[in-house]
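Inspection log for the structure reproduced underneath, given as structure tokens.
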Amino acid sequence: VAVVWTWSSVDYLLSCESIRKLTLKMDISNFQDFCDSVNENPEATKFKRKAKDLCQNLLDSGKLEEVINNLDSLKCNENAEQSLFKYFYNLDNVKRYLSHPVTKATKSEATSVQYREDGNKYYQQKDLEKALHNYKFSIVYASHPPHTCTVFDDNVIDDSNRSDPRLFKGLIKQKTNACAAVYYVEEGSTAYNNLAISYANRSAVLMELGQYTKSISDINRAFELQYPNDMCYKILIRKAKCLIALKKCKCAQDVLHQCYNLMEKLQLPEPKYTTIMNSLNTLKQKCHLDYTKHSATHHQIQESQSSTTSAPRNIDDNLIFAYSSPEPPKIPDCNPRIPSLSSAVQMEYTHKQGRFMAAARDIKPGEVIGVEMGFVTCVSVEDAASQHTFCCTCLNRCSSPLPCPTCAMVVFCSETCRDIGLHEFHEDECEILPAISSLGFVSNCPLLALRVLNSIPYWKLKRVVPLLQQLAISQPRSMHGFNEDYDYDSRNYQTVFHL
Ligand SMILES: [Zn+2]
Ligand SMILES: [Zn+2]
Ligand SMILES: [Zn+2]
């Protein structure tokens, strides 16, 4: 955060010759006039306020002249940007000014328990949507087994020839391997009971909402987290019910078998024991019946499906899961030079307008003319509700998400997305995300900038940025972002650099 902010401050202060003249005169009131004359946008306003405070601070401490003089000499250095950054960062006035009051979004067992109790209350009132919402937050705040990364990226510095034009090929953002993190909880451990119970409770809501697969996932998570053994029959029965609803009778039978075994060991008091055994027997019968039905003719299978399909409780409950995230469309005929666009459009360039797209032929209404993955993407950091609704890896809406194991700020739709997301960016962002969102930027630019930097190894950037800066001058502007084969590969950092 300090990097993003200080860098922009240095850049900003240096780019404004008039500021330097004004501040040299130590006349801070003129600075206000200058600020008012700069284009208005919310971020510029915030920034100007900060810049003004900083100047005032330097003036009050009698350091302004010294700083201005130092800036002048540092600006002539060979590594001007780095030395300026170092100078600013180590300047006490600036450092103090940059330290931001940050509220950390940390886990809290007490908060988790409170959310679960509220969830239980709503569940009893049959308000399933509110119950689901509260159980989600109970899971988000509960302590998790620590995340330990077991995969390391191949970040070895490549000493190949600096001037090799093929170097740019190495700037293509690779799909990283998932973290393959292991979350092992010792058998019988009670450390994550709170989390296990919250998952188990949420599985009950999901089952009632007809979300059987999601319910089974939550039950499996509860098991892995060592859900208390003496209550395991509850979630085993629930799992069997879900499997029967999904017509997986063979699997349901196995789960019931597991439950019978458990019941033998538990020695529950009467009449509890008989009640549970009765419901197990009923399920076993149902299972057997369905199994024989399904082995019958095709016609009968269809009949049984329509008769057992559970009706949605009500339309609102069903709507929670109504959002689907379809695959992006495919482009029928790609533009040979810009594969993310269709051949219906082509890039053109004029000195006055810069680069722009133009139609190469008539385009029909609704025709897909471009499909492109973002080089980096993020869920809005400004809006906490979004952070807890959309998977921060694939951006899909998720109604029964998993949180980051360390913080309480972001969620993932699945174990797969969690492992990819942690490894690709969130391991590095986890601690600083609260600071980024408290900066009060209107856009997501700081986070996106951070992700761009994070997606390319530093040694590679350091080597390649000077080359790209040269190209920016020597290459015709219509060629910016194209590689040496005249292709525009939007996964390549080159294209982002030239934006
Ligand atoms: Zn996802
Ligand atoms: Zn990792
Ligand atoms: Zn985190």
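Residue numbers run from 1 in the order of the sequence given. Note that ligands are numbered from 1 as they come in the structure, with each ligand's atoms numbered from 1 the same way.
- Here Cys398 does not reach the Zn ion (ligand 1): none of its N/O/S atoms is less than 2.8 Å from the metal.
- His144 has its ring centre no less than 6.0 Å from the ring centre of Tyr192.
- Classification of the Tyr115-Tyr141 ring pair by plane angle, with boundaries at 30° and 60°, yields parallel.
- Looking only at side-chain heavy atoms (C-beta outward), His423 and Asp419 stay at 4.5 Å or farther from each other.
- Checking Cys392 against the Zn ion (ligand 1), every N/O/S atom stays at or beyond the 2.8 Å cut-off.
- Computed with the Zn ion (ligand 1) at the centre, the Cys413 SG to Cys417 SG angle is 100°, stated to 10 degrees.
- Taking distances strictly below 2.8 Å, the protein N/O/S atoms close to the Zn ion (ligand 3) are Cys404 SG, Cys407 SG, His426 NE2, Cys430 SG.
- Cys394 contributes SG and Cys391 contributes SG; the angle these two atoms make at the Zn ion (ligand 1) is 110°, rounded to 10°.
- Checked against Leu236 for a side chain to side chain contact (heavy atoms under 4.5 Å, CB included), the options Gln258, Met231, Lys241 give a single hit: Gln258.
- A salt bridge is defined here as a Lys NZ or Arg NE, NH1 or NH2 lying under 4.0 Å from an Asp or Glu carboxylate O, and Glu424 with Arg451 fails to meet this definition.
- Proximity of a side-chain donor or acceptor of Lys136 to a complementary backbone N or O of His388 within less than 3.5 Å is detected.
- A donor-acceptor pair is defined here as one N or O able to donate and one able to accept, closer than 3.5 Å; no such pair exists between the side chain of Thr495 and the backbone of Arg491.
- With hydrogens and angles disregarded, a donor-acceptor distance shorter than 3.5 Å links the side chain of His480 to the backbone of Ala472.
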